[in-house]
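Okay, so here's the structure we're looking at.
In what follows, chains carry the letters A, B, and so on, assigned in the order in which the sequence lines appear, proteins first and then strands, with residues in each chain numbered from 1. Keep in mind the model is a prediction, meaning the values are calculated, not measured.
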2 protein chains.
Amino acid sequence: MWDPYVKDCPTRALLDRIGDKWTVLVVGTLAGGPLRFSEIARRVDGVSQKMLTQTLRALEADGLVVRTQYPQIPPRVEYELTAVGHTLRDPLRALEEWAKEYMPQVLEHREAVAVR
Amino acid sequence: MWDPYVKDCPTRALLDRIGDKWTVLVVGTLAGGPLRFSEIARRVDGVSQKMLTQTLRALEADGLVVRTQYPQIPPRVEYELTAVGHTLRDPLRALEEWAKEYMPQVLEHREAVAVR
DNA sequence: CGGCATCCTCGTTGATACTG
DNA sequence: CAGTATCAACGAGGATGCCG
């Protein structure tokens, strides 16, 4: 009844893609609309310039984010979710809501077991 | 309007938890009902004994999976999602459906960009 | 401002062998 | 069958410095 998780299934590909430390957070941050590089960095607490650049480049390569550079000095670059990028928001939001609802008790259980 | 992703928000904790290589796949596999260790290993293609054990232990510690050992020889151990574990299925399924729907074009876009 | 290049460390994962 | 133990490899990620 349940498909086995074979090596090349799309679920695995997605996990490889969003399983890193920053991708989901960046997508969530961009959900509200286009933002500048520095603004994303400010909202995603703790991300380094390197990792933010790397994450955004990868999202761009996958067609989930578009990068717009304005020819100004100082430079101004904005990032925005594409149409496909926006469709990813719903499942990610479901994950976030689950996290808010259940993570506290999960962490509590983890602690309780660890003490023993 | 959008919450910044501060370091200790539940979303990050969840990502740390399910962002590894096997957790989501194991939870998905157990969604259909209790399974023996070897059966899970068979359905999750490529997982090593070590990683499967490690993943299951962590899920157990977090109260998402229960482990039942039957005193037999040879040993028989079954794993099953807890009530909380089952609540995680919906958001994960949403992710899987997105993957089936959109990952092909994401990968295609990635390829198309890479060639340039 | 928005990067890129480099170095380095640590944690996750994998391979292999052994066990109750 | 269902693990445990050990070792080795790899790569994500962080720190730092420089640049158009």
For [X] and [N], what is the distance between atoms [atom1] and [atom2] respectively, to the nearest whole Å?
X: A:Arg67; N: C:dC4; atom1: CZ; atom2: P; value: 7 Å
X: B:Leu56; N: D:dG3; atom1: CG; atom2: P; value: 8 Å
X: A:Arg42; N: C:dG2; atom1: CZ; atom2: C1'; value: 13 Å
X: B:Asp20; N: D:dA12; atom1: CG; atom2: P; value: 15 Å
X: B:Ile40; N: D:dG3; atom1: CD1; atom2: C1'; value: 13 Å
X: B:Gln54; N: C:dG14; atom1: CD; atom2: P; value: 10 Å
X: B:Lys21; N: D:dC10; atom1: NZ; atom2: C1'; value: 11 Å
X: B:Glu39; N: D:dA2; atom1: CD; atom2: C1'; value: 14 Å

Touch class at under 4.0 angstrom, heavy-atom based, for B:Ser48 against every strand present: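 It contacts nothing in the nucleic acid.
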Side chain of B:Val77 - closest among D:dA2, C:dC4, C:dT13: D:dA2
Distance-only donor-acceptor test, B:Lys50 side-chain atoms vs C:dG14 base atoms, 3.5 Å: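 When only heavy-atom distances are counted, B:Lys50 does reach the base of C:dG14 through a donor-acceptor pair under 3.5 Å.
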Cluster check A:Val65, A:Val84: I/L/V/M/F/W/Y, side chain < 4.5 angstrom: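 Same cluster.
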Taking only the side-chain nitrogens and oxygens of [X], find out if one of them lies under 4.0 Å from OP1 or OP2 of [N].
X: A:Arg76; N: C:dG3; result: no
X: B:Tyr79; N: D:dC1; result: no
X: B:Ser38; N: D:dA2; result: yes
X: A:Arg36; N: C:dC1; result: no
X: B:Arg57; N: D:dG3; result: yes

CA sep, side-chain torsions, deciding dist, call: B:Val26, B:Leu52, side chain to side chain contact (heavy atoms under 4.5 Å, CB included): CA-CA 8 Å; B:Val26 168; B:Leu52 183 53; 3.8 Å; yes
Minimum side-chain heavy-atom gap A:Glu78-A:Arg67 below 4.5 Å: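 Side-chain contact under 4.5 Å: no.
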Check ion pair [X]-[Y] (N to O, under 4.0 angstrom):
X: B:Glu39; Y: B:Arg42; value: yes
X: B:Lys7; Y: A:Asp45; value: no
X: B:Arg89; Y: B:Glu96; value: yes

Terminal axes of the helix from C:dC1-D:dG20 to C:dG20-D:dC1 (five pairs each): angle between them, nearest 10 degrees: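 Overall, the helix from C:dC1-D:dG20 to C:dG20-D:dC1 bends by 50° from one end axis to the other.
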More than 12 heavy atoms of other groups within 6.0 Å of B:Glu108 CD: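 Open.
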Given DNA chain C, 5'-ward residue of the pair A:Pro75 and A:Thr53, judged by closest heavy atom: A:Pro75
